Amino acid sequence: MAVKIGMMSFAHMHSSSYAACINQMPQAEMVGIADHDPERGQKIAHQFKTKYFPSYQALVEADIDAVVIGSENIRHRELAEMAAE
C-alpha cells in the first residue's frame, strides 16, 4: 500500500526534486498539488501527471497520508498547522 502524499506549494525550487523522488518511489503516490499561484500549480501538476487542487484546504481534505511543504519560509507554519489538523 502506497503512502499518499500531497505537495503544498512549489515556491522553492527544491520542491520539484521532492516531487520527482515521490514519483520514482513505488511505495509512494503523489495525490496532487496545491499552490497559491494557480498558473504555477496547474503547470507543475501537468508536468508530474497529478491533480491540481485549487486550494491548500482542498488538498488536505483529500485522501492523503502526508504532505511536503515547499512554500516560502514565511508560509511554512500556516501550512504545517493546516496539514496537522
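Keep in mind the model is a prediction, meaning the values are calculated, not measured. When a residue number appears, it is its place in the shown sequence, counting from 1. Computed over heavy atoms, backbone and side chain alike; hydrogens, waters and symmetry mates excluded.
- A salt bridge is absent between Arg75 and Glu78; no separation between the charged side-chain nitrogens and carboxylate oxygens falls under 4.0 Å.
- Within a 6.0 Å radius of CD in Glu39, no more than 12 heavy atoms belonging to other residues, nucleotides or ligands are found.
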Can you give me every donor-acceptor pair (side chain of residues 58-65, partner residue at least two apart or in another chain, under 3.5 Å) with its distance?
unit_1	atom_1	unit_2	atom_2	d
Glu61	OE2	Gln57	NE2	3.0
Asp63	OD2	Lys4	NZ	2.6
Asp65	OD2	Lys4	N	2.9

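- How far CG of Asp35 is from CE of Met8: 10.5 Å, rounded to the nearest 0.5 Å.
- Shown here for Val67 and Ala83, the closest heavy-atom pair between the two residues is CG2-CB, 3.7 Å.
- Applying the salt bridge (charged side-chain N to carboxylate O under 4.0 Å, His left out) definition to pairs two or more places apart or across chains, none involves residues 7-27.
- Following chains of ILVMFWY side-chain contacts shorter than 4.5 Å, one can reach Ile44 starting from Ile5, so the two form part of one hydrophobic cluster.
- Among pairs with a residue in residues 43-58, none fulfils salt bridge (charged side-chain N to carboxylate O under 4.0 Å, His left out), at least two apart in sequence or across chains.
- Not a single salt bridge (Lys or Arg N to Asp or Glu O under 4.0 Å) links Glu85 to another residue, sequence neighbours left out.
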Show me the donor-acceptor pairs within less than 3.5 Å that the side chains of residues 10-31 make with the rest of the protein, sequence neighbours left out.
unit_1	atom_1	unit_2	atom_2	d
His12	NE2	Ser71	O	3.1
Ser15	OG	His12	O	3.1

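- Applying the ring pair (Phe, Tyr, Trp, His ring centres under 6.0 Å) test to every pair with at least one member in residues 33-69, sequence neighbours left out, gives no pairs at all.
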